[in-house]
Structures are given as structure tokens and as C-alpha cells.
4 protein chains.
Amino acid sequence: MSESHQEGDNHREQALAQAFRQVRAASMRFCEPLAIEDYGLQAVAETSPVKWHLAHTSWFFETFILKPLMSGYQAFDERFEYLFNSYYNGVGAQFPRAQRSLLSRPTVEQVLAYRDHVDTHMVRLLEDSTSTETPTPEQARVVQRCVLGLHHEQQHQELMHTDLKFNLACNPLFPEYRPLRGRWLEPAAAALAWHDFEGGITGIGMNESDSLFCFDNETPHHRVLLEPFQLASRLSTNAEFLAFVDAGGYQQPQWWLSDGWARVQQDNWQHPLYWHKRDGQWFEFTLYGLQPLDPSRPVSHISAYEADAFARWSDARLPTEFEWESVARQHPVTGQFLDSDHLHPRSADPANGPAQMHGALWQWTSSSYAPYPGYQPADGALGEYNGKFMCNQLVLRGGSCVSERQHVRSTYRNFFYPGDRWQFSGVRLARNGRRDA
Amino acid sequence: MSESHQEGDNHREQALAQAFRQVRAASMRFCEPLAIEDYGLQAVAETSPVKWHLAHTSWFFETFILKPLMSGYQAFDERFEYLFNSYYNGVGAQFPRAQRSLLSRPTVEQVLAYRDHVDTHMVRLLEDSTSTETPTPEQARVVQRCVLGLHHEQQHQELMHTDLKFNLACNPLFPEYRPLRGRWLEPAAAALAWHDFEGGITGIGMNESDSLFCFDNETPHHRVLLEPFQLASRLSTNAEFLAFVDAGGYQQPQWWLSDGWARVQQDNWQHPLYWHKRDGQWFEFTLYGLQPLDPSRPVSHISAYEADAFARWSDARLPTEFEWESVARQHPVTGQFLDSDHLHPRSADPANGPAQMHGALWQWTSSSYAPYPGYQPADGALGEYNGKFMCNQLVLRGGSCVSERQHVRSTYRNFFYPGDRWQFSGVRLARNGRRDA
Amino acid sequence: MSESHQEGDNHREQALAQAFRQVRAASMRFCEPLAIEDYGLQAVAETSPVKWHLAHTSWFFETFILKPLMSGYQAFDERFEYLFNSYYNGVGAQFPRAQRSLLSRPTVEQVLAYRDHVDTHMVRLLEDSTSTETPTPEQARVVQRCVLGLHHEQQHQELMHTDLKFNLACNPLFPEYRPLRGRWLEPAAAALAWHDFEGGITGIGMNESDSLFCFDNETPHHRVLLEPFQLASRLSTNAEFLAFVDAGGYQQPQWWLSDGWARVQQDNWQHPLYWHKRDGQWFEFTLYGLQPLDPSRPVSHISAYEADAFARWSDARLPTEFEWESVARQHPVTGQFLDSDHLHPRSADPANGPAQMHGALWQWTSSSYAPYPGYQPADGALGEYNGKFMCNQLVLRGGSCVSERQHVRSTYRNFFYPGDRWQFSGVRLARNGRRDA
Amino acid sequence: MSESHQEGDNHREQALAQAFRQVRAASMRFCEPLAIEDYGLQAVAETSPVKWHLAHTSWFFETFILKPLMSGYQAFDERFEYLFNSYYNGVGAQFPRAQRSLLSRPTVEQVLAYRDHVDTHMVRLLEDSTSTETPTPEQARVVQRCVLGLHHEQQHQELMHTDLKFNLACNPLFPEYRPLRGRWLEPAAAALAWHDFEGGITGIGMNESDSLFCFDNETPHHRVLLEPFQLASRLSTNAEFLAFVDAGGYQQPQWWLSDGWARVQQDNWQHPLYWHKRDGQWFEFTLYGLQPLDPSRPVSHISAYEADAFARWSDARLPTEFEWESVARQHPVTGQFLDSDHLHPRSADPANGPAQMHGALWQWTSSSYAPYPGYQPADGALGEYNGKFMCNQLVLRGGSCVSERQHVRSTYRNFFYPGDRWQFSGVRLARNGRRDA
């Protein structure tokens, strides 16, 4: 969290307790369709159980706010410090990530009691901290960390969708998270077109004068020099990706990065993560269960390796995160977010500029997740939030249909390993522009 | 199941429906202390979730009795044939064993409905099948397979204890399965003494004229020739095993089989599976949570490698299964079984003959699990029950404190890999006798 | 080594130095066709480099005889104690088995100098030790350990063949160890017939009065009780095994032990280790390079899992080691050994009794490698020779075409894991006899 | 290879046959100290045997020049196309990398004959191709590919040093590649100082008008915008890195990237790759065998994770490849290269500008290996030379003491995975400059 950017949030502070309640309630709303048995699922180390997400997000408030900043606070259960620490070495050791499904205790009921305990104390502390004209440094820190904690919880709300989807998909019964309302098949997507951009020197990252919340990895604002480039008018569709599959793309090494091809071989990838072929027909596993593959919707749940190979086969490439941001900041943050209440990316609306810049699917870029020049993580354990992951991962941009709208910005940098497929990730093509343009 | 041994069970047939109800109810009684979250735990491939055990034992009746032998039977859910098949290739493909914890659906409630469905039809079929003086061959098969299914379910009742214990033990909160009633520490065990046996030709296995149920691997009855030997008067205790630990036994290769020593190194074994040292004191995880290590109780949850190394260090050896059986059949099947309602092995009572021959703990033998001369598995998928496991495993004898008393016999052959530790397994020492005795 | 059996070797002692020279020379003769590059090959941990075998067998004499029993002996290089120790924890730590191919130094030339150094001192010591009428205990120990060391070297001579074969087979050029002389295809094998045996009480193991060398695992002599059985008249042939392959045997779980089927799946076994299909024709890799599969020769280089599955498919089973020995001791130790100078098993001669009881191929038995009743390994590090491997392995009997004739006895127990395939191992079928016969 | 940059090499073309002979001879000169046994070593998949390098570099000329461009050329052995293909899918399948040590055949002698065969034909073809005033397109291609092949061989000459060093280091005898001449300990290094740089727009990559050879990954020339920064005056030394080790750096997660810390834990890293502690003294394995750790020499054989953690502990960071290049192009390419004939990095000379910008050790940058804007790999299989590796790797700059001087440029981009340690890799620190400077 970039602390210097928080001052402009003053007008929101009075409402912080209310925001706190809303965000926390959203996590519980996610759980409504679940059976108790669903809370504990964890198919691989990366996909944590819902119950763990519920506890860990509470742990974040307890560890970074209630324990250090609320006098007289009594921990709900001291053993949770270890159980629900994700990766903060500065706090202490962590229960092994891959074994989170083994924690049948505390039960869901006990974790909900833990949430209640944290919520009660947080609301009391927030009301104290925002009641005065001139907050003390401690009070200011409560506010700043609370804002960070809410964004942290929104990240985990998205992960609850992606992790649960992956975990349910391992069940051959293909259970739905909740029933689909309305019809599945979308109207046809507009033909893909190319938009030209001049490049040149462009500002990247959160500007300090913007006075909005952002994560530390979006700072400092700085300038980069771009060559001319072109960007596709929308995300690539299932129909377009199916052509790559049908052309034998997964059997032809020439389209693939070396590490990508090794992965294709090792894990026998033949198509995107959730595609299934039955009796010659393609289906896709969704949070609405197994559905026919919709040719108009954007292809989703692909790794960067697949996005890159598809781009090469398409005589194109992935955009850099700087190219992407230079375009995205010209557009408002509109699109298909979680409030659209449809948990799968819809087909693109025809639009003037490039469509689907925000929402629908996270868009792989070719940019390695690296610190911006002059980047400084926070002191202490909170400094482990972002910086230590700046290696081996690629940046994704734009948010998805399971992201909260208020959580996404044009400067927002998401990051995953190039082989990761369980996020709502898709591909927007780019090309080099003409130098003499 | 040895079908030819079933005739003598006729007198029990009228009561079979009642036995069916009792055994099935025992599985449900096991579940009473559980939270819903506990039903799905699976820490390693070997330790199946309780829910899976509940479903699989029902699947056994449905697959081998209701579907082939009850006309007009409608399966509860055809997809369960695949989901809850354990290892019967003759029935079809199996859902991967290591992923059973990923089946949040069917829920516990749905699995209980499945059990009800199977129970209702089984009771109806049993009443039909046992109502006539002279059963048809089909009716006789229903009876025979039902008896087998009940013994199968009793095996799984034991596994529910051992698997749940292992799975709960992975939780650093060390949850108890149920609270301990009474005091933990036992009276001191009697000093270990040796009993002499002459050897000679002895009958092994179930005699056809005994007309009792047994598994096919206990047949045919045959003779073996034994050399003179000695058998310890009771199981070895925690105090005795602790002396081995304290003497550096886990650091000294000379006591260990080559494969055992490799395992000690690879998995960094330093003591029995459930022992924990805290602040210089030894504790043991039990179904009653973490308890002080009781020196008087038998050492439990050790592998055959540990049992063998301890025996060698003790200037003794493991008995063969034939030595064991030749002694055990001189004794009634008495001892600490599940009906004692204490879920941890108690210390040995002083006794005339060797104590603890049955109950308390399964006793590792040095005998590889192999077919008896003339052994014939059943035809069809049921023939996969035992025979295909006759390689790489060792025989354990005697039953344990989580075995049903009626389930255990002196001829009963249990079998696990020599490195397995999650069963209620212990060690009884043996020695060579004098040849001139 | 069973020390008490050595007295009868007295008449051989005068000739021991000569025997020493002959056995040591045989190891060098094996190397004649090799390029320097071949000496270092090690494809898997189990298949040691030839150079390592040459050094380790010298290490055995140096470690167990020269260092402890020859006064004033100077080690060739003290660092070799660690480098060339195979598995004797009593001697000290061992260089990791899987990394033996990384020892480019010492070079082949240096290892041969090491052998010369050991040989010179051994011959001198042997001449001293056998020169007196009444040897001192130390001299007797030199003689006993030297006899053991020579049998140890003969075991490694066989392993040099099997290991080199495996290692060369990894080269897609399929290099031959040496050229084939004579024609490849053998005359047709006689039809398989069955020989009946009564069973009853039979003596097993080396009799103390036989006063011949044997390994400790062949003792003590004891009696076992056998049921009636039948034994096949010869080893099973490639033609017979090919029928199993063609019938889909490797795709049908019903023939396989559970662990065997898991291995078939995991390693994608489709046929015996060295078989290759090219343009619809079967070939077999041999020490003479790639050769057409000869239908008349015995099937070789199969695991016990394959032998067992083939036996089950053939409505037969593997013999126990006791059944095998009870028959073999009725026959002289004749057959195709290394002195036949043909490094692949030949087809069976018609014979009165069962043919190929010795030589040609090691024959898998169904018997787990276990200690005989009363078995006692030697004291000290030499006690690690055999006993610590008595778990998880199966016994093979009879010797092979790459065994030295003098090395093999009817009581000889070879042992490998049931999944091992790189030995010259084959299958002889057995069946239960009629009880009333 | 950037074909458009080759025209300026015309004046070198007459001398190309001579350059060919020289480069090829250098590979053979490397082998002079080797025993035949050393040629086949391969401890891990990454470190190929010397023999394989000798064959593969010949394969490169045969595959990309002789076979397609010399009429009537007869391959030395058609089977080598598969055996010695490294990773060119466009050429065909490849013998598995991890198994190269298993190719005892072809022998060293046969590989040298292969080299002779290729050399003879290459020289003949080169003389034909450079004899005319105006080369045909085919002749021009021979020249271009030959230049590429020579740079390719120089890369492998460096790898022969790094791979052999790793492979020899696995031998507990610590064999030297060749004896050290002169004294080992270097004069003390000058104190580390900082040089300031303004940043701004700078040109990166090979300029087309420079008309020198470069690899395709150094093109196209383009501009980047740099913030002010500081660069250390020399590489960091063993003494400086030892302070990090002694301060507990390998035990403190706060200095490490998340993936780096995971690697430290998994592989139990405690110090740089070749350091050994014996009786309280530090030693380092070198191509001259085990030597005392010299405090003045640069720390070498560290991963990017270690370089990055050390930098963070030093309150500094790694430079980007753009920062590095912007400074390096101000300096001539001087330093300790292979022609210095000392195979370990020496301590830094005092210098005006930053010392050791070239030579001594490859310097890790924080830049992911990514395509420059507008990058285009060559068509066909040669296009697999560089581009397909542009993921998951980091760029190293500057060359090392085992690089050929003519092979290194300020624009040269080397690349390895951040966890790789077997290269001659070190660390030069950087810091952010003052923005108002």
C-alpha cells in the first residue's frame, strides 16, 4: 500500500466502518450457495479452501490492526496466528499451504464466530479512529491498514471464485456453484479489428496527485518510451481459439515458448483448462456446471504459454503491460465485473475504442512482474505483500467478471506464473505498429 | 470369501437381516462425534474420508448383491458405480484414490440417503432370501455375499478409526475424536517372559469342517512344519520401545533391514508415528487427543521395519504367521476389542499363557502375505478382494482395540506394506527355541 | 558365508592362490571388448559402471582381508574406502550409489593399478596363509574370507553383464558388447510338458555335512512340508510369451498382482524389457546388439510381475523356492553357464527330467526372500552381506547363461525386487498337484 | 543471427576459413588436459558431456550448412542427426538431454573423426563461397551461417568449462581440470565506490549501421528511458559475500524473493555453489581443484536469487540490463577473458570508471529475458536459436573469464534461470539515483 496516497481518502473515512461492513458481508454472500462440505476443498496447493479464505482475511485485520493497534484486544484463538498466516515470514511460521484442506477444525461455524469477533472489534476501532478531526498517527495507521485490508479481502473474494471453480471441477459430477439464470449462448462477437497507437513517452503507474488507493507495486509513477503498436478491438474468442486447437496448435512446437512446450508435453495439455469433449461436442466447465462451449465468449482459463502460442499462430503477440496501460487509462473502468452477477465472461459489445479493456477476463501481458524504478515496499511484515513475488511471474491487467468493480484500476497489476490456468485469464492480441506511421 | 464354508452359517440366516441392521448401524455410531467437516478429510491416498467409507460399503452391497441379484432394483445414482469403486477392475474404472477428499458432492446428507436406499432394499431382499426352507442358488448367493459384505463393512469400520486418526493428527490443534472418560495412565505391565513351543507339524488356516465364515485368504487348511520357538508373554510396551529410541536405535543402521533404513533416512523417522516430544516430555496422539506417553501400554503405530529393528536390538525377532497361529488357536479369541469402548491399547493383564494374543494391537509377523498352497480366489470381480494383494506386504495377526470382536479369528490374516504405520500395529517378540528341547 | 562349512575346502586351499588368479583374471577378460568410454556407464542407480565393479571387488579384498589381516599393508588410496564401499554401514559411509558414473577419476588405468596392487598383496598373503599344516585362526580367516571374496567377485562378474547390457540398451545405436559368432535362430523348443511331484517333507538348504562353500542365506538346513505339485518341463519361450502379449495381457488387469498392475500403468509396460517392434517385426536387444526375436529361446528379462501374470494367464503359477529346490537337488548342476560362451539363453534340449533347471535364466519363484529358521548372519560388517535384504524381494533360482558354473548350487538363493527386469530372469511354470495323487 | 548486419563482415570473409580453423581448434585445445573418462560426465541434465559439445557443434555446421548448402555432401552418420540435436524441433526429434552421458558410443575417437569430416568439408565449402567478388545468395548464406556457427561454438566452449567444472565438482576427490600456475591469492580489491548516472533516453541493442555480427536477440536497436541510477565500481567480492553468509543471510527470509526462499529451503542452500567449509576454513572448488577462498576475488557461481538477496541486504539492488548497457557501451570491451589463461575471476584493478564491466564474471541483471520491440527471429529451425527461451529467465551481461574476448559485446545478452548457479556468474550492485540530481 502506498501510504502517501491515502490522504485523499479522508472524505471516505467517515464511511469506512460502513465500507468495512459491506466488503465483509460480500464474502459471506459468496458462501450462500455452498454446502458445508464445499468449504474445505483444496485440490492443489494453489487453490485454498473457502473456509481458509474466510479465516485468513479475518486474520489479516487481527494481525495487522487489532493486535498491534487496539489496546486491550484479546485474540480469538492464539493458535490461529500460525494456522491462517499465508506467507508473512515477518509474522512467523506458516501452516503448510498444501495442507489447508486438512483443517477440519476449526469448523465453519467456528470460523464464522472468528469473523464475528474480528468484525465487532474492527467496527468499534474504526468508529474511534475516524471520530476526530485530526487523527493521531495511530488512528491514521488504522485507517490506512483497514483500507488495505479491504482491498486484500476483495482479492480473496475473487480467489474464492477461482479456487472453488477449480476444486469443483475435479468432481466428475461437475457440480454447479449456483444455477444459471437466463440463456447460456451469447450473441455473436463482432469481427476482430486493430487499433493503432503511436507510442512515445507515456506515464505509467499511479500518479501521487491522484490521491487514490493503490497497491505499492503500482508506484512510483514514471515514464516509459513505447514504440508504435496495434491492439486488438476485443478479447479473443472461443471460436478463434478452437481454430488453433483444430489446426493442431497443441501438437506443433513452433508456436510455443520452450518452457511452454515442455509443459504441454509434461501435463499433456490439449485445450484450455476447463474444456471437455464429449461425443464430439465441446463443453466448458463453469460456475454454472458443464455448459456447451460458446463460440462468442472470450476464451478463458488459459495460461500465458497458451496465450502466447495462440498469438504467435495468429501472427500477433501479447501486449506489454505498458502498451496496455497507455491505452486503458484513456478509457473509464467499465465492463463486466462481479456486480453484473454473471460469473462467466460475456461476448464483447461492439465499441468505438477497444472493448473489454476492463472486466470480463484478466489479460495476459508479455511483461515480467518487476518493480517500477524507485519502488519501495512498506516496512515490516506488510512489506511482504507484493515485492517478494517480483520474479518468474507475468503481469495480467484489467480485472475479470469475478472482480469487484471498485477494486480494479487501469494501473492495477495482477501477477501469476506463466503456466497458471485457474484464474479467469484470457488473451488480447497486439502487433507492432509501423515505425513510419 | 470361501463359499464352501458358508453352509454352517444356516442357523444364522434367519438372523441375517438383524445382523445386517446391527453392522450397518455400527458404522453410523462411529460418526456420532464428528462434525460435517471431518467426514471429508484425506491426508494421504491411503487414508480415505469417512464419507467415502460410508458410501463405498453401501456400494459393495449395491454392486455385488442388489444390482445382479434383486430383480427390478433401481440404482440410487448410476454415477456412484464409478465414484465409490475402490479397486475392482472387474466392475470398471475407479475414481482416483488420492482424490477422494475432492468429492464435496455428494454431501454427507446425500450419502446417508444412499445408505438408507441400500439398507431398505437389502433388508427386503434378505427377508425374501432367508424365508424358505431350501434356498434357491440365487438366494444362497445373496446370503453368502451379504455375510461377506458385513465382514467387509467391519473392516472399513476399523479403517474409519485408523484413517480418521491419521487425518486428525495432521491438524496442529490435535483435535480429539471424542473425549476420554476415566484416567489415562494404566497400571504397570508385567515383566516380559518367554513361552516355549515345540514346533512340529501344525495345521494352518480355516478347516473346512469348522463351517464358519472366513476370507478366502485363510484357506485352504494345510500343514506346515515348525522348528522350536519362543514367544513373548505380551506385546512390547512404550517403555521398552523408548529404551530403543533413547539408545539411538533410529540412528544405527545395524538394526535395520536395508529398505527400512532407507525409509528412516528418507522420511527422517525418529520415533513411532504419533509420538511428539514437547519440552522434554513425550506425548502420543490418540483418538482422545494428545496424551502423555504411557510407559505401560503397548507401543503402537509402528511399521514392520521399526518392529523388526526393535526386535533385532532386543536380541529377538518377529514371529512367523505360522508360529503365531499355532499358539493363538490354543486360546479363545478374547481381549480388548471395539466393544471394550476404549480406543487405545491398554496394558497387558498378567496371564497364564501369552497375553494379548487377540485384540489390543495387530501384531506384525515376518511372513510375507502369500497364497496358501492350493489357494483359489473366487470367480469374477469378487476374486479381486484378496488375492491380487499377495505381494510386497506382510501379514499381521490378532486384531486390535478398534476391531469388532466377532470379526477376528485366529486364522485371520491382515496385511500391510512393511513401511505402513497408520494402523493400530504393534510388536510381539519371538526367538528361536532350542533344537534339542 | 557359513564359516562352519569351510573345513571341507582344505584340499582346495593349496590351490587358492591359483583360484584367486583365475577369478580375478575372468573379470578382466570381461572387459576386453570394451572401449574406455563404456566403463563409466550407469543409466540408473541399480546398474553400476564396469569400472566401479572392478574397483569394488578389489575393495572387498582390501577391506575385509588386507587391511585387517595383513600386517604392514599400505592402502592403495585411503579415499577409496569411501568411494567403493557399496552398502556396508559397518565399514563407514558410502559414496551415493546413483552417482557412480560421475567418478571419471580414478581413471580406468588407475583402477587397474588398484587391482594389481590388491592382487599382488593377496597372492602373497594367500601363499603365507596356506603354507602351514595347521593354519592359525588368522590364517584360517584369510582363507575363509578369500573364498567368500571370490564368490563375491563372481556375483559381480554376472552383474557386469547385466548392468552393461542395460546401459548399452539406452543408446539408440544399440551397440553390441561383442559380435555374435554362429547363427542366431535356435532349433524349435520341445512342447511344454508337466512333471508330477509328491511333495511331503523335504530337506532345504545347505547341509552342514556337505562341507562346501555356501552363502549364509542358504543355511541352516531344515525341513519343509510340501503339497503335491507339478513343474513345467522347461522354461517358457518367447513364442509362448508373445501369445500373452498378443492376447492383450498387458492391457488386462485380471492377470496382474495389484502392485504389478500399478507398475504396468506407471511405466507403460507393453512387453519384456528388451523387446522392440520395428515395422511390425519383433526384435530383442542382446549383448550381440539388436536381433530378431527368436521364438524358441526362453523369454528373458521379465519382472516377477510379468512372470506371475503370464503364469496366471497360462492357468498356472510360479513355483515356490522350496518346490524348485526339492526338484533341482535331484539333478546335477548342468546347463548353459558362462563357460558356454553364448551370452543369451538358448532353447531347451529335450530332456528326461525337467530341462533347464540350472543355467540359461534365473527362474522367479513366488517365495519372498526370508531367513531360514535359525538363520544367523556373520558378526561385523560382513554380516551385512545378505541378511539385511530379507524384505520386499523375491527369490530366484538356478543361475543363468552369464553365471559362472562353479558359482551356482541347487541351494543358491538369488533375490531381486519383483519389478526388477534387468537380470537374466525368466519363468518356469508350476501347478498344484492332485492331493489324492 | 541478424542477417542484415552481416554485410560489413565482407572484409573478413576471405579470412573466414582461417577463423573457422582457429575456433574449431580452440575446442580441441580445451580437451588437452582431459582423460577419456572425463569426456562423458553429466551430473545433471543441464551439464552436457564434453564429447556431446564436440559433436553438437559439428552437427550445427553439418545440419545448417553442409546438408542444405553443399551439393553432394554425404553425412558422416545419419543417426547423428537425432543424437546430437540439442533443441531444434524444426530439424526433428532429439535424444533426451538428461541421458547424454549414456552415449558411450560413438567413442571420443569417433566424434573426433566426425569433427574432421565436418571440418574438411566446411573448409572446402568456405573457400568456394568466398572466392568470388559477388557471392551468390547461397554463398552468402554459407558465410552468414558459418559466422553464426562459430559464435555458437564459442558459446559451447564456455559451456564446456562450466559444465565440466560442475561435473568434476561431484567427485569427492575434487580433481583439477589442469594445474594452477602461479600463486592463488590475489592482491586486495579496492574499496567499493558508487558511480552516478543521469539516465534519460538511451539507445539499446545493436545499431544496424554498426555492421558487426550479433545475435538476433540484440536487435532491433531501440530507445529506452532510464531514471537516474548508481552503479558499483566493481563486482562484489568473496569477502563481502562472506559477511552476508556470516550474518545469517541464508537463514533470513526477509532478504529473499519468495521463489528464492523456497529454493533455499528446498535445496538447503547455505553458501555459493562451490564453497566448502573444512575444519572451520572456507575453500572453493575451481578448475584448479579445491583452493582456499580468496577474499579479494569476486564472488562467483551464485544464482540470481542469491545475488538479489545479497543486494537487498547491502541496501542496494541489481541493475537492469538497460542501465548496465548504457554504461558498458561507454567502455571498450576489455577485461579478463579466456585469453588471459586464468580460469577463475581475478580481483578488480583500480580503474577510473566502473571496473570489470566486461570479463571476469557474467553479471546478473534484474531484467527478464524478453524480446526487444520489433524483434523478429529468423525463419526456419534457426529461428529456434534464441526467441523461444524468452520466458522465465534473467539476462546476464558482460562475459566471463571463460568467454572468448571476440565473442563478447556490450549488447550481448546471456540468459539463465534465476536459480542457475553453475555459470561463472557474479553480482554488481546498483542503486537508485537522486531524481533531482
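Computed over heavy atoms, backbone and side chain alike; hydrogens, waters and symmetry mates excluded. Quantities reported herein were computed from a predicted structural model and do not represent experimental measurements. Every chain is numbered from 1, with letters handed out A, B, ... down the list of sequences.
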>> So, taking the atom named CG in Asp163(B) and the one named CG in Leu168(B), what distance separates them when rounded to the nearest 0.5 Å?
In response: 11.0 Å

> By ring-ring contact (aromatic ring centres under 6.0 Å, His included), which residues pair with Tyr305(B), not counting sequence neighbours?
Replying inline: none

> Taking only residues two or more places apart in sequence or in another chain, which ones pass side-chain contact (heavy atoms from CB on, under 4.5 Å) with Cys170(B)?
Replying inline: Leu102(A), Ala43(B), Phe166(B)

> Between Trp59(A) (side chain) and Glu81(A) (backbone), is there a donor-acceptor pair under 3.5 Å?
Replying inline: yes

> Measuring heavy-atom distances to chain B, does Leu103(A) have an atom under 4.5 Å in its side chain, in its backbone, in both, or in neither?
Replying inline: both

> Taking the six-membered ring for Trp, are Tyr288(A) and Trp184(A) parallel (under 30°), tilted (30 to 60°) or perpendicular (over 60°)?
Replying inline: perpendicular

> Of all the residues in residues 88-101 of chain B, which have a heavy atom that comes within less than 4.5 Å of a heavy atom in chain A?
Replying inline: Phe95(B), Ser101(B)

>> Can you classify the ring geometry of Trp52(B) versus His156(B) as parallel (below 30°), tilted (30 to 60°) or perpendicular (above 60°)?
In response: tilted

> Among Gly40(B), Pro172(B), Pro106(B), Ala35(B), which has the most heavy-atom pairs under 4.5 Å with chain A?
Replying inline: Pro172(B)

> With sequence neighbours left out, what residues match Phe60(A) under ring-ring contact (aromatic ring centres under 6.0 Å, His included)?
Replying inline: Phe64(A), His152(A)

>> So for Arg79(A), is it side chain, backbone, both, or neither that comes closer than 4.5 Å to the heavy atoms of chain B?
In response: side chain

> Among Gln42(A), Glu37(A), Glu109(A), who wins on heavy-atom pairs under 4.5 Å with chain B?
Replying inline: Glu37(A)

> Does a donor on one side chain sit under 3.5 Å from an acceptor on the other, for Thr47(B) and Asn167(B)?
Replying inline: yes

